[in-house]
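First up is the structure itself, then whatever we jot down about it.
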Protein chains: 2
Amino acid sequence: MNKTIADLNKYLADKGLKITRQREAVAQVFFDTDGHISAEELYVKVSRSYPGVGLTTVYRTLKLLKEAGLAKERRFAEDSQGVFEKEDTARHHDHLICTRCGKIVEFKEPLIEKLQEEAAHRHGFSVEDHKMELYGLCNSCRTA
Amino acid sequence: MNKTIADLNKYLADKGLKITRQREAVAQVFFDTDGHISAEELYVKVSRSYPGVGLTTVYRTLKLLKEAGLAKERRFAEDSQGVFEKEDTARHHDHLICTRCGKIVEFKEPLIEKLQEEAAHRHGFSVEDHKMELYGLCNSCRTA
DNA sequence: CCGATGATTGAAATTGATTATCATGTTCTC
DNA sequence: GAGAACATGATAATCAATTTCAATCATCGG
Ligand SMILES: [Mn+2]
Ligand SMILES: [Mn+2]
Ligand SMILES: [Zn+2]
Ligand SMILES: [Zn+2]
């Protein structure tokens, strides 16, 4: 079951926050987007269907989506702006990034995650979240 | 054998760049520092022993140290400024970060690194570098 | 439905880290 | 020691992201 505007609305209601036209517009476009998108890009995309929504509100709504556990912000090396993607704990993944062409591949490695947990425990830590990015050359860039 | 100013000087000579009082001052203080330090912090520290070195030059020298493979820049979540630490490929490590008190523990997990390589190859990537950070609660913060 | 209350909005200003400019000073080679 | 190239540092510029603030809106109780 994919997350939708309803989930954001529930979060807002629980927090005593308000459901607005703008928040619904941003959330709608966000949930309809796959992959990684920056606040600016989302702003442009939202503006097409719902003109008049400010960039500030896009930033603010993305922050709410993060707080609600519905979005995850990523900050890849050499990229100056952060990008967002739908959060779905069950579908957690990490990234392979080509340092030449920028191609990003998502992957999942349960064994690594398990070893991360173990390593953390060995140092007295409990893990809430983690970030793992592998930088290198993709197939096409390596043979080119 | 720890890296020193001599290594930076060699890099500079090879590149036809110049060895200056300021670069030596920044490098000296940098190599004398353990752990993670921001450009601002390094600037303050350098200023004590070698007044008159500008912040701009600290940034520029840190960039040279990175290019020379003598420093590594880290950018931990929620920290707006980057921090630098001595680079030593042989001593590569990753980080455990307490989200409550900010404590950082360095660790090394060769098995994970090996699995990272394998996962990357499975997707046609060759790995040049990677970033792995585990966020959670340290011992004291968890029991508090 | 109405009005009060507090939250939200968006334009504009601000922040904060980092980088670019540029006039002046320094290094290194011959 | 002269000269060409490079480096420095004060200042300005960038740029994503946040803050401000007056105007607008959503929600709740009556
Ligand atoms: Mn992703
Ligand atoms: Mn470290
Ligand atoms: Zn590539
Ligand atoms: Zn802690």
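A, B, ... follow the sequence lines: proteins, then strands. Residue 1 opens every chain.
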Check the distance between [N]'s [atom2] and [X]'s [atom1] and give it to me in whole angstrom.
X        : N       : atom1 : atom2 : result
Tyr43(B) : dT8(D)  : OH    : C1'   : 13 Å
Lys15(A) : dG6(C)  : NZ    : C1'   : 17 Å
Arg23(A) : dT24(D) : CZ    : C1'   : 14 Å
Tyr59(A) : dA11(C) : OH    : P     : 15 Å
Lys66(A) : dA17(D) : NZ    : C1'   : 11 Å
Lys63(B) : dC6(D)  : NZ    : C1'   : 16 Å
Leu12(B) : dT29(C) : CG    : P     : 13 Å
Leu55(B) : dT19(C) : CG    : P     : 11 Å

With no hydrogens and no angle check, is any side-chain donor or acceptor of Glu117(A) less than 3.5 Å from a backbone partner on Lys114(A)?
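Not a single qualifying donor-acceptor pair exists.
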Is the backbone of Phe76(A) close enough, under 3.5 Å, to the side chain of Asp79(A) for a donor and an acceptor to pair up by distance?
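Here the side-chain-to-backbone pair does not exist.
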Is it true that, when you exclude Arg100(B) itself, more than 12 heavy atoms of the residues, nucleotides or ligands shown sit nearer than 6.0 Å to its CZ?
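No, the 6.0 Å shell around CZ holds no more than 12 heavy atoms from other groups.
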OP1 or OP2 of dG10(C) under 4.0 Å from side-chain N/O of Thr57(A):
yes
Below the 4.0 Å mark, does dG10(C) have OP1 or OP2 next to a side-chain nitrogen or oxygen of Gln22(A)?
yes
By nearest heavy atom, map Ser80(A) and Lys18(A) onto DNA chain D; which one lands nearer the 5' end?
Ser80(A)
Comparing Arg75(B) and Arg21(B) on DNA chain C - which has the more 5′ nearest nucleotide
Arg75(B)
Which sits closer to the 5' end of DNA chain C, Gly82(B) or Leu17(B), going by the nucleotide each is nearest to?
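By nearest-heavy-atom nucleotide position, the 5'-most residue is Gly82(B).
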Counting any heavy atom closer than 4.0 Å, what does Ile19(A) reach on the DNA or RNA strands: base, sugar-phosphate only, or nothing?
sugar-phosphate
Touch check for Thr56(A), heavy atoms < 4.0 angstrom, all strands: base, sugar-phosphate only, or nothing?
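Thr56(A): base contact, heavy atoms under 4.0 Å.
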Does Arg60(A) get its side chain close enough to the base of dG10(C), under 3.5 Å, for a donor-acceptor pair?
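Side chain to base: pair found, below 3.5 Å.
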Near-ring test His123(A)/His121(A), centroid separation under 6.0 angstrom:
no
Looking at His95(B) versus His36(B), is the centre-to-centre ring distance below 6.0 Å?
yes
